[in-house]
Structures are given as C-alpha cells and as structure tokens.
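Contents: one structure, followed by commentary.
All residue numbers in this chain count up from 1 along the given sequence.
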Amino acid sequence: MQPGVYQLINRQSGTALDLLKNDYTSVAGYPPCDDSSQKWEIAPLGAGFTIRNMKTGTYLSVNQLQGRTPVFAGHFPTAWQFVTARVSNENAEMMGIYWPHTEFMFDLHCGSSDPGSKVHLCDHKLSQQDHRCRLWKPVFLRHINHTVLPERAREDDETSSTATINAADMPEGGELVLVTTTTTRTVVTKVSKRSGRENMLE
C-alpha cells in the first residue's frame with residue numbers, strides 16, 4: 001500500500017468509508033462525495049498502516065477483537081494490515097483491511113448501500129459473492145509528507161509558558177536554573193542571588 005490520502009469505496013455497495021454524521025466517531029458508508037470526512041490518510045506504522053480521517057484527525061480503531069465489533073475513530077493511532085485482492089473481471093485492485101495476524105477485517109453491514117450503514121470487524125467465512133462487502137477500492141487522491149495536522153502543528157509551535165519565582169525563596173549566594181522547552185528549542189536561564197552586602201554596595 002502506497003502511503004497517501006485516499007477515498008475508500010466498498011466493492012459491494014459503492015459507498016465510501018466515512019464517519020457517522022451525528023457523532024463523527026462511528027464509521028459508516030455514505031454515497032461518495034468530496035467531503036474531507038471521506039478522505040483518509042494512510043501512513044506507515046511499524047509493519048502496518050494507520051488510517052486517519054482528514055476532517056477530524058482521528059484514527060480508526062476497535063476496543064476489542066470480537067465479531068461485529070464496531071470500528072470507531074479515536075485519538076490513538078492503530079496499525080492495520082492491508083491485503084491486496086486482484087479482481088480480474090473488474091480490472092481493479094481491492095483491499096481487505098485486517099487487524100494484523102488475524103482474520104478480523106472491515107465489513108460493511110450486509111453490504112448495504114443505505115447511508116449510515118455501520119462498519120464493523122468480522123472473521124467468519126462468507127461466500128465469494130457476499131465477501132464483496134469486505135473489500136474496499138482505494139481511490140488515490142494525493143501524496144503525504146507528514147502525519148501531523150497543519151493546524152495542530154502551528155498550535156504546538158506557538159506553545160509557551162510563564163513561571164513566576166519569589167526571590168525571597170532563593171538562598172543567599174544560590175543559583176536558580178530555569179529550563180524552558182518548546183517544540184523547536186530549549187532555553188536555559190541561570191539567575192544568581194548575591195549577598196545583602198554586595199547588593200548594598202551596588
């Protein structure tokens with residue numbers, strides 16, 4: 001699987017992998033459109049790939065490995081295994097999306113084309129015809145060169161903090177070391193407290 005941003009079209013229903021419109025957490029099929037909620041960043045993670053929604057920045061995951069477990073979008077990256085299935089009579093390559101080292105894979109409920117039909121994990125065997133609801137056609141949209149949302153990166157760059165120190169808390173002749181770290185640099189500031197006699201002379 002080439003990393004990039006894709007739209008994922010279910011072979012059986014023709015609907016696109018999307019987020020349920022009332023919560024943007026549940027994963028479902030909807031008619032293909034240009035909405036960013038139907039655009040998915042596929043990026044390497046270990047031996048697999050993360051699937052990140054371009055509208056919300058959340059990652060596809062599950063909370064348990066069991067039949068009919070819903071696929072949802074959360075904040076922690078999860079690695080998935082993409083297995084290519086060549087469909088000769090359609091002259092196309094489809095993808096099965098698996099939990100690594102298992103038979104659990106994305107399944108569009110009953111292969112339904114109804115908007116909002118949920119996507120869950122299934123591992124039981126299906127006939128070749130019914131298996132169509134578990135295959136997804138990746139439609140390549142563009143390349144990627146990062147895995148951080150631009151707006152989030154800008155927020156991190158501008159992060160700063162202020163600390164107030166009471167000089168009375170410092171011992172005579174002591175030294176206070178302040179270390180400030182941001183995403184781009186580290187600043188070390190040393191502040192010394194002189195004796196009362198030295199302060200009077202100045």
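A donor-acceptor pair shorter than 3.5 Å cannot be found between the side chains of H101 and Q81. For the 3.5 Å distance criterion, the side chains of T78 and S61 qualify, holding a donor opposite an acceptor. No side-chain N or O of T58 forms a donor-acceptor pair with one of N53 less than 3.5 Å apart.
With contacts defined as side-chain heavy-atom distances shorter than 4.5 Å, the pair F76/Y59 does not qualify. Side-chain atoms of T25 and L20, non-hydrogen and from C-beta on, never get closer than 4.5 Å to each other. D18 places a side-chain heavy atom less than 4.5 Å from the side chain of S37. With a 4.5 Å cut-off on side-chain heavy atoms, V62 and F104 do not count as touching. A 4.5 Å side-chain heavy-atom check between H131 and M105 finds at least one atom pair inside the cut-off. Under the 4.5 Å side-chain criterion, counting only non-hydrogen atoms from C-beta, T15 is in contact with L108. Inter-residue side-chain proximity for T69 and H120 is flagged as unmet; no heavy-atom pair is nearer than 4.5 Å. Using a 4.5 Å heavy-atom cutoff, the side chains of Q38 and L17 are not in contact.
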| task | Evaluate the criterion side-chain contact (heavy atoms from CB on, under 4.5 Å) for residue pair L45 and W80; output intermediate values, then yes/no. | result | CA-CA 9 Å; L45 178 63; W80 296 92; over 6 Å; no
| After noting the C-alpha distance and the side-chain angles of V83 and M95, does the key distance pass the side-chain contact (heavy atoms from CB on, under 4.5 Å) rule? | CA-CA 6 Å; V83 177; M95 293 289 175; over 6 Å; no
| task | Apply side-chain contact (heavy atoms from CB on, under 4.5 Å) to the pair V5 and W40, showing each step before the final yes or no. | result | CA-CA 5 Å; V5 176; W40 302 91; over 6 Å; no
| field | side-chain contact (heavy atoms from CB on, under 4.5 Å) between L60 and I97, worked out | value | CA-CA 11 Å; L60 295 192; I97 305 173; over 6 Å; no
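Distance alone, capped at 3.5 Å, places no donor-acceptor pair between the D114 side chain and the S117 backbone. Looking only at distances, no side-chain donor or acceptor of W99 sits under 3.5 Å from a matching main-chain atom of F106.
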For residues 133-142, tabulate all N or O donor-acceptor pairs below 3.5 Å that involve a side-chain atom, not counting sequence neighbours.
unit_1: R134; atom_1: NE; unit_2: D107; atom_2: OD2; d: 2.7
unit_1: R134; atom_1: NH1; unit_2: H124; atom_2: O; d: 2.7
unit_1: R134; atom_1: NH2; unit_2: H124; atom_2: O; d: 3.1
unit_1: R134; atom_1: NH2; unit_2: H124; atom_2: NE2; d: 3.3

Please set out all donor-acceptor pairs under 3.5 angstrom arising from side-chain atoms of residues 26-34, sequence neighbours excluded.
unit_1: S26; atom_1: OG; unit_2: D23; atom_2: OD2; d: 3.1
unit_1: Y30; atom_1: OH; unit_2: K21; atom_2: N; d: 3.4
unit_1: D34; atom_1: OD1; unit_2: K39; atom_2: NZ; d: 3.3

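Taking every heavy atom of both residues into account, F49 and P3 meet most closely at CE2-CG, 4.5 Å. Here the shortest heavy-atom pairing between S112 and S13 reads O-CB, 3.5 Å.
Under the 4.5 Å side-chain contact rule for hydrophobic residues, Y24 and F72 do not share a cluster. In the hydrophobic clustering of this structure, L8 groups with L19; members are Ile, Leu, Val, Met, Phe, Trp, Tyr whose side-chain heavy atoms approach within less than 4.5 Å, directly or through other members. Under the 4.5 Å side-chain heavy-atom criterion for ILVMFWY residues, a single connected hydrophobic cluster contains both M54 and I144.
Among residue pairs with one or both ends in residues 67-83, none qualify as salt bridge (charged side-chain N to carboxylate O under 4.0 Å, His left out); sequence neighbours excluded.
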